[in-house]
Amino acid sequence: MSTPPTAPQKKAPSRNFVQQIIDADRKAGKNGGRVHTRFPPEPNGYLHIGHAKSICLNFGLAVQYGGKCNLRFDDTNPIKEEEQYVRSIIEDVRWLGFDWEDRLCYGSDYFGKMFDCAVDLINKGKAYVCDLTADQTREYRGTLTSPGKNSPFRDRGVEENLDLFERMRAGEFPDGSRTLRAKIDMASPNLNMRDPVMYRILHAGHHRTSEEWCIYPMYDWAHGLEDSVERITHSICTLEFENHRPLYDWFLDALGVFHPQQIEFARLELTYTVMSKRKLLELVQEKLVGGWDDPRMPTLSGLRRRGVTPESIRAFCDRIGVAKFNSTIDIATLQNCVREDLNKRAPRVMGVLRPLRVVIENYPENEVEELDAVNNPEDPSAGTRKVPFSRVLYIEHEDFMEEPPRKFFRLALGREVRLRYAYFITCRDVIKDESTGEVVELRCSYDPATRGGDSPDGRKVKATLHWVSEKHAVDIEVRLYNHLFTKEVPDSTEEGGDWRENLNPESLEVLPSCKAEPSLANAQPGTRFQFERKGYFCVDPDSTSEKRVFNRTVSLRDSWARAQKKAAGK
RNA sequence: UGGGCUGUGGUGCAAUCGGUAGCACGUCUGACUCUGGAUCAGAAGGUUCCAGGUUCGAGUCCUGGCAGCCCAGCCA
C-alpha cells in the first residue's frame with residue numbers, strides 16, 4: 001500500500017516564539033530578510049550549560065535561516081575579565097560544534113567608536129557629565145515607588161560637558177569622581193531610564209586594550225552599539241534585560257543608527273545544580289570542587305571531562321525549547337539525552353567496580369580462552385573483540401547475595417547464571433572473612449557445554465553477569481558522580497541558611513581498585529565506553545600509564561536499583 | 001496604590017485566524033532480550049491560575065482579581 005498523494009500532512013514542527021518573531025520579520029521584509037545573531041559572553045567565568053542554551057539558540061537560528069552568528073566578547077569591565085576566560089569560552093563554543101568563521105568580535109574593539117557616539121549625544125544635549133558620587137547618584141535615583149530628582153549637573157552646557165568628558169578620558173580625574181550620563185527622565189517608572197550612567201572612570205588595565213582607556217562604557221550603553229555596529233538583526237538575551245529594552249532602544253534612536261531588535265527568553269535552570277556564575281566561582285575558589293572542569297560542575301568543561309558529548313547537549317537544548325516562562329528542567333532530561341547519544345556510539349566493555357573473586361573449580365588451572373564479545377549491539381559495524389577467560393575471575397560484588405530477596409535474579413549459593421559471552425556458572429561455596437563475616441570469594445563450577453553463553457539444552461538462566469579475568473585484568477580507578485546538591489533547588493535553605501549546606505557529601509565516590517578487561521589498558525583520555533550493566537564512562541586526563549582513571553558520565557537506567565531504592569525509602 | 005514580564009498533567013514545551021488539549025521527560029504495567037541496558041506495546045496523570053463576560057463554541061478575545069519572577073551597580 002502506498003501513501004495517497006493527498007495524505008494529511010504531518011503537523012509542521014512547532015516554532016518557538018523567537019522563530020515566530022523572525023518569521024514575521026522576514027515576511028515583512030525587515031532587514032531584507034537577513035538574520036544575524038550573536039552570542040555575547042562576558043569573559044569573567046567559564047561557560048555552563050545555561051550558556052549552551054543561548055549558544056544553541058543563537059547559532060542554531062543562524063543555521064536555520066541561512067544567516068550568521070557572531071561570537072562576541074562583551075568585555076567592558078576590565079576589573080572582572082581575564083584572558084583565560086576568553087580562551088576557555090572559545091574552546092567551549094567550538095567544542096559544542098559551532099563556527100563563527102571570521103566573526104570573532106570584542107566589545108573593546110569599538111571603544112573608539114563608542115566614545116565618538118557619546119560625544120555625539122553630548123552635542124545633541126542628550127548626555128552630560130555628572131559629578132555626583134556613587135552614593136549620591138543612588139540617592140538621587142529615587143526608589144521603586146518614588147521618582148528620582150535631577151542631578152545638579154544635569155543642565156551643564158554642551159561645551160563644558162565636552163571639555164569634562166575629554167578630560168575624563170585623558171585621565172585627569174580619579175576613579176568614581178565623575179560619570180557620563182544619558183539625559184532621559186528621572187521620574188521614569190523604569191529605573192533604568194533615570195539618567196543611566198554611560199561611562200565610569202576606571203584606571204584599570206584591560207586584557208586587550210591595556211592602558212589605552214581609563215573610562216569604560218556601561219553595559220546598556222555598549223551593548224546596543226556593539227549589536228548595531230555588527231548589523232545584528234536579532235539581539236537575543238535573557239529575561240532580566242527586559243527592563244533594559246527601552247534604554248537599548250533609546251540609545252539607538254538617539255544616535256539614529258542601525259537598530260537591532262532585542263528579544264528576551266528565560267534562562268535555563270536545572271534541578272540539583274546551581275547555575276549562577278557567582279556560585280560556580282565560589283565553588284571553585286573555596287575548593288568545594290576540584291576546579292572549573294570538575295565533572296560535577298555544570299560547566300561545559302566539567303561536562304566535557306565527565307564524558308558528556310556536545311551532541312547530547314545540543315539535543316538537550318533542542319528538547320527543552322525556548323520560552324519566556326522561568327522554568328527548571330529536571331536533570332533527568334539531560335541524562336536521558338546523554339544516554340540516548342552514548343547508547344548509539346559508546347563501545348561496550350566489561351569493568352568490575354567492586355570486585356569479588358570467583359574461582360571456577362572445575363576449570364583447568366592454566367587454561368586461557370579468548371572469547372568473542374560484541375563491541376556495540378546498537379552498531380554492527382563496531383565489530384567484535386576477544387576477551388580472555390580463565391579459572392579465576394572477578395565479578396561485581398553486588399551481583400552476589402547470600403540471602404537473595406525475591407526478584408533478585410543474580411548469583412546466589414546453588415544458583416546458575418551466565419557470564420557474558422562465556423559460560424554458565426553455578427555457585428557452590430561461599431568463603432568469608434572469619435573476623436568480619438564479609439564474603440571474600442566464591443567457589444563455582446562451570447558447564448563446558450555452554451561456551452559462548454548458549455546452552456545446547458535450551459536451559460534458561462535469569463541473569464547475565466559481567467566479569468573480568470583476574471590475571472588479565474587491568475587496574476583502574478573509577479570516579480562515581482552523584483548530584484552536587486542534595487536538594488532539587490539548592491537555594492532552598494532554612495532561615496538564614498546557606499546554599500552550601502545543601503552540597504551533597506556523596507557527590508564524588510572514588511573507587512581506587514577496580515578491574516577492567518585488558519582492551520582498556522591504553523585507552524586515551526576523553527575516550528568513552530559503556531561498562532556493561534554499569535553505565536557510561538570516560539577516561540579522565542588524570543590517568544597515568546600505570547592506572548587509567550574513569551569518570552562515570554551517567555549510569556545505565558537500572559530498574560533493579562530503582563526498585564531497591566524505592567523499597568528502602570518505604 | 002511604581003514599572004515590566006509570566007501562569008497549560010509531576011517537569012518542560014505545543015496547540016495556525018477562536019473549533020473541543022498534544023509531544024517529550026518522569027512514573028507505572030506488560031512483551032522481548034546473552035547488558036535488570038536498548039527496543040516495542042500500553043496505562044495513569046489536566047477545573048489550561050481564579051472569577052465574571054462575549055460567542056453556537058474560549059487555553060486563545062474582553063473585564064476584574066490572584067500568584068510567581070525581574071528592576072533602586074559607577075556589574076553584565
Side-chain angles (χ1 to χ4, degrees), chain A residues 11-16 20 40-42 44 74-77 79-81 130 132-134 137-139 141-148 175-181 188-194 196-202 215-216 218-220 222-223 237-246 264 266 271 277 319-330 332-337 339-340 343-344 348 350 373-374 377-378 407-410 418-422 424 450 452-455 461-466 488 530-535 555-563:
Chain A
K11 257 199 196 162
S14 65
R15 324 226 76 203
N16 64 51
Q20 288 174 21
E42 183 189 13
N44 69 342
D74 212 350
D75 53 353
T76 55
N77 184 358
I79 292 168
K80 291 187 178 173
E81 297 152 8
C130 181
L132 254 28
T133 64
T137 304
R138 190 183 323 115
E139 284 167 27
R141 187 154 35 227
T143 71
L144 292 175
T145 51
S146 63
D175 287 4
S177 60
R178 285 177 225 266
T179 55
L180 181 74
R181 294 226 256 163
S188 171
N190 181 342
L191 302 235
N192 295 124
M193 301 299 271
R194 320 243 263 227
V197 171
M198 295 166 63
Y199 274 99
R200 75 283 214 184
I201 301 173
L202 239 39
I215 57 172
Y216 290 92
M218 297 287 291
Y219 169 85
D220 288 304
H223 203 89
C237 60
T238 42
L239 250 28
E240 68 271 26
F241 291 103
E242 227 155 10
N243 295 324
H244 294 244
R245 185 166 10 106
E264 311 85 12
T271 55
K277 272 191 183 179
R319 193 165 300 182
I320 60 178
V322 178
K324 301 193 72 158
F325 181 63
N326 241 313
S327 58
T328 304
I329 311 290
D330 188 340
T333 302
L334 208 211
Q335 295 175 331
N336 178 68
C337 291
R339 289 192 187 105
E340 211 167 73
N343 176 49
K344 281 180 287 189
R348 317 283 129 127
M350 290 194 281
V374 174
E378 303 291 321
K407 298 225 185 153
F408 179 85
F409 305 146
R410 284 109 94 146
R418 170 168 41 231
L419 291 180
R420 180 137 233 228
Y421 301 125
F424 284 15
T450 58
D454 293 306
S455 63
V461 101
K462 294 268 279 195
T464 300
L465 309 187
H466 60 283
E488 280 198 16
Q530 182 197 103
F531 285 12
E532 294 215 30
R533 306 207 304 135
K534 295 272 78 175
S555 66
L556 249 34
R557 287 181 71 216
D558 185 346
S559 51
W560 168 246
R562 219 183 313 151

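Every chain is numbered from 1 and lettered A, B, ... according to where its sequence line falls, protein lines coming before strand lines.
Backbone-only engagement by Phe325(A) is indicated by non-hydrogen atom pairs under 4.0 Å involving sugar-phosphate atoms exclusively. Across all strands shown, Thr76(A) has heavy atoms under 4.0 Å from sugar-phosphate atoms exclusively, and none from any base. Backbone-only engagement by Val322(A) is indicated by non-hydrogen atom pairs under 4.0 Å involving sugar-phosphate atoms exclusively. Contacts of Phe531(A) with the nucleic acid, taken as non-hydrogen atoms under 4.0 Å apart, are absent. At a threshold of 4.0 angstrom between heavy atoms, the contacts of Arg138(A) are confined to the sugar-phosphate backbone, with no base atom among them. Leu556(A) comes within 4.0 angstrom of a nucleotide base, judged by non-hydrogen atoms across all strands. Nucleic acid contact for Ser559(A): sugar-phosphate only, since backbone atoms but no base atoms lie under 4.0 Å from a heavy atom of the residue. No contact: Pro147(A) has no heavy atom under 4.0 Å from any strand. Among the heavy atoms of the strands lying under 4.0 Å from Asn243(A) is at least one base atom, whether or not backbone atoms are also near. Across all strands, Gln530(A) comes closer than 4.0 Å to base atoms (heavy-atom distances). Nucleic acid contact class of Phe241(A) (heavy atoms, under 4.0 Å, all strands): base.
On the P atoms, C32(B) is 48 Å away from A58(B), given to the nearest whole Å. Comparing A72(B) with C13(B), their P atoms are spaced 26 Å from each other, to the whole Å. Taking atom P on both nucleotides, U29(B) is separated from G64(B) by 50 Å, rounded to a whole Å. Nucleotides U33(B) and U27(B) are separated by 24 Å at their P atoms, to the nearest Å. U47(B) sits 27 Å from U63(B) when the P atoms are compared, rounded to a whole Å. Using atom P as the reference point in both U55(B) and U6(B), the two lie 28 Å apart (nearest Å). As rounded to the nearest Å, G22(B) and G59(B) have C1' atoms that lie 13 Å from one another. Remark: the separation of the C1' atoms in C28(B) and C70(B) is 39 Å, to the nearest Å.
In the set G37(B), G26(B), A15(B), G37(B) carries the atom at the smallest distance from any side-chain atom of Glu378(A). Of the candidate nucleotides C74(B), A14(B), C70(B), C70(B) has the atom nearest to the side chain of Glu240(A).
The side chain to side chain contact (heavy atoms under 4.5 Å, CB included) with Ile201(A) is formed by just one residue from the set Thr179(A), Ile215(A), Leu180(A); it is Ile215(A).
Glycosidic conformation of G65(B): anti, with the torsion beyond 90° of 0.
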Per-nucleotide pairing state of RNA chain B [Watson-Crick or G-U, under 3.5 Å; [ ] pseudoknot-crossing; | other strand]: .((((((..((((.....[..)))).(((((.......))))).....(((((..]....))))))))))).....
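For Ala266(A), the side chain to side chain contact (heavy atoms under 4.5 Å, CB included) partners two or more places apart in sequence, or in a different chain, are Leu239(A).
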Between N or O atoms, less than 3.5 Å apart, protein on one side and nucleotides 27-33 of chain B on the other: list the pairs.
{"unit_1": "C28(B)", "atom_1": "OP2", "unit_2": "Arg562(A)", "atom_2": "NH1", "d": "3.2"}

